[in-house]
Amino acid sequence: MKRKSNRQLLWGVIVETEAYCQSEPGCHGFHKRTKRNETLFGEPGRLYVYLTYGKYHCVNIVTYKSGWANGVLLRAIAIPNEHERIAAGPGLLANRFGLNRSHDNLLVSIENGIWVCKGKSANNMNKIIQTTRIGISKAKSLRWRWYMKSSRSVSKRAKGDRCPSVLQSWQPRLEEGL
DNA sequence: ATATCGATCGGCT
DNA sequence: GCCGATCGATATT
């Protein structure tokens with residue numbers, strides 16, 4: 001994911017996500033449309049940002065089509081040349097990228113200063129673990145959480161998964177032309 | 001009108 | 001591993 005604000009470019013590798021679908025009770029859109037979750041029911045490709053536990057924000061990207069409350073929660077991002085835990089969790093991620101309720105419903109695009117593109121990490125050399133979602137009390141059996149096994153920036157590892165002692169397999173590199 | 005509950009995190013045991 | 005912070009949304013009276 002990349003973010004450009006005040007002429008500063010901040011980017012990192014999305015290393016952990018969770019999926020939420022209107023048809024399951026873990027989703028904010030499961031019950032009904034409200035002022036808070038309105039964006040989740042809207043156009044795909046937009047940010048759904050909400051306040052959780054009174055102090056943290058969670059950033060989602062709306063998926064599927066309008067009328068369906070489906071989205072992907074961005075849980076962790078590994079940022080080159082920064083502390084590996086700086087965005088190792090939904091609240092930390094939102095904080096580091098400066099995203100809050102004011103960014104709710106923002107279209108993910110270069111023009112808006114926040115976008116996602118495919119990088120070198122997206123190859124089959126990076127093993128992806130699929131497991132159950134974190135911090136929810138409903139629909140706990142759904143295995144709709146994915147994270148990069150080799151990354152030390154994942155919020156929390158699944159039982160039995162070991163964090164590698166070596167650094168991430170991806171190499172920090174500065175990009176040109178942005 | 002009042003009570004309960006979080007898609008979390010940091011501190012403490 | 002457990003607990004409290006903190007407040008908006010939702011449920012209950």
Side-chain angles (χ1 to χ4, degrees), chain A residues 1-3 10 12-79 82-108 112 114-116 121 128-149 151-163 168:
Chain A
M1 183 170 87
K2 307 199 184 192
R3 174 146 167 73
L10 175 64
V13 179
I14 298 173
V15 295
E16 180 186 355
T17 62
E18 282 179 1
Y20 287 86
C21 175
Q22 183 173 348
S23 62
E24 47 88 10
C27 182
H28 283 177
F30 179 70
H31 289 294
K32 60 183 177 182
R33 210 164 167 145
T34 65
K35 185 164 187 174
R36 178 219 215 182
N37 65 27
E38 182 67 26
T39 301
L40 196 55
F41 285 85
E43 182 187 357
R46 288 179 183 266
L47 296 181
Y48 166 47
V49 187
Y50 67 92
L51 181 68
T52 190
Y53 290 98
K55 41 166 77 163
Y56 302 101
H57 289 275
C58 288
V59 180
N60 297 251
I61 295 180
V62 179
T63 59
Y64 206 40
K65 57 189 178 185
S66 295
W68 288 80
N70 292 12
V72 169
L73 170 68
L74 304 181
R75 289 195 55 95
I77 289 182
I79 304 174
E82 290 194 13
H83 192 286
E84 62 193 22
R85 308 298 296 171
I86 192 73
L92 296 172
L93 184 158
N95 185 58
R96 181 62 190 90
F97 280 83
L99 298 171
N100 55 54
R101 196 69 178 129
S102 74
H103 300 92
D104 183 55
N105 205 39
L106 183 70
L107 184 67
V108 176
N112 286 332
I114 182 164
W115 69 104
V116 179
S121 302
I128 304 296
I129 303 294
Q130 178 177 2
T131 183
T132 52
R133 297 179 295 186
I134 285 182
I136 55 173
S137 59
K138 298 161 190 167
K140 293 175 81 165
S141 62
L142 287 175
R143 300 175 70 231
W144 285 0
R145 173 172 174 246
W146 292 266
Y147 66 85
M148 198 176 292
K149 183 178 174 65
S151 176
R152 298 168 68 87
S153 301
V154 170
S155 67
K156 188 183 173 192
R157 315 195 74 81
K159 189 180 176 185
D161 189 19
R162 300 288 170 192
C163 190
Q168 292 97 320

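Note that the structure is a prediction, hence the values are computed from the model and not measured. Protein chains get the first letters and strands the later ones, always in sequence-line order, with residue 1 at the start of each.
A sub-4.0 Å separation between OP1 or OP2 of dT10(C) and a side-chain N or O of Thr34(A) is present. Phosphate proximity of dT10(C) to His31(A): absent, as no side-chain N or O sits under 4.0 Å from OP1 or OP2. Side-chain N/O atoms of Ser137(A) include one lying less than 4.0 angstrom from OP1 or OP2 on dG6(B). Using a 4.0 Å cut-off, some side-chain N or O of Arg75(A) falls inside it from OP1 or OP2 of dT8(B).
Remark: the backbone N or O of Ile86(A) is not paired with any side-chain donor or acceptor of Arg96(A) at under 3.5 angstrom. A donor-acceptor pair under 3.5 Å is absent between the side-chain atoms of Asn60(A) and the main chain of Val62(A), judged by distance alone. The backbone N or O of Thr34(A) sits less than 3.5 Å from a side-chain atom of Asn37(A), completing a donor-acceptor pair.
Listed by chain and residue number, His28(A), Tyr48(A) satisfy the ring pair (Phe, Tyr, Trp, His ring centres under 6.0 Å) test with Tyr50(A) (two or more places apart in sequence, or in another chain).
Counting to the nearest Å, the P atom of dA7(B) and the CZ atom of Arg133(A) are 10 Å from each other. Put simply, NE2 on His28(A) is 9 Å from C1' on dA9(C), counting in whole angstrom units. Here dG8(C) presents its C1' atom at 14 Å from CG of Asp104(A), a figure rounded to the nearest Å. Distance, Leu92(A) CG to dG11(B) P: 12 Å, rounded to whole Å. One can place NZ of Lys138(A) at 11 Å from C1' of dA11(C), the figure rounded to the nearest angstrom. The distance between atom CG of Asn60(A) and atom C1' of dT8(B), rounded to the nearest whole Å, is 14 Å. Atoms CG (Leu51(A)) and P (dA9(C)) sit 8 Å apart, rounded to a whole Å. What separates NZ of Lys156(A) from P of dC2(C) is a distance of 10 Å, to the nearest Å.
Each of Lys55(A) and Arg33(A) lies near DNA chain C, and the nucleotide nearest Lys55(A) is the one positioned closer to the 5' end.
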Taking Watson-Crick (N1-N3 plus N6-O4 or O6-N4) and G-U wobble (N1-O2, O6-N3), each under 3.5 Å, can you produce the dot-bracket string of DNA chain B? Use [ ] for crossing pairs and | for inter-strand ones. ||||||.|||||.
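Tested against Tyr20(A) for a side chain to side chain contact (heavy atoms under 4.5 Å, CB included), the candidates Leu142(A), Leu73(A), Val72(A) yield a single pass: Leu73(A).
Checked against dA7(B), dT10(C), dT8(B), the side chain of Tyr20(A) finds its nearest nucleotide in dA7(B).
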Decide salt bridge (Lys or Arg N to Asp or Glu O under 4.0 Å) for Arg157(A) and Glu16(A); before the verdict, give the C-alpha distance in whole Å, the side-chain angles of both, and the deciding distance to 0.1 Å. CA-CA 10 Å; Arg157(A) 315 195 74 81; Glu16(A) 180 186 355; over 6 Å; no
Apply side-chain hydrogen bond (donor to acceptor under 3.5 Å, both in side chains) to Asn70(A) and Thr63(A), showing your working. CA-CA 5 Å; Asn70(A) 292 12; Thr63(A) 59; 4.9 Å; no
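Both thresholds, 5.5 Å between centres and 30° between ring planes, are met by Tyr53(A) relative to the base of dT8(B), so the two rings are stacked.
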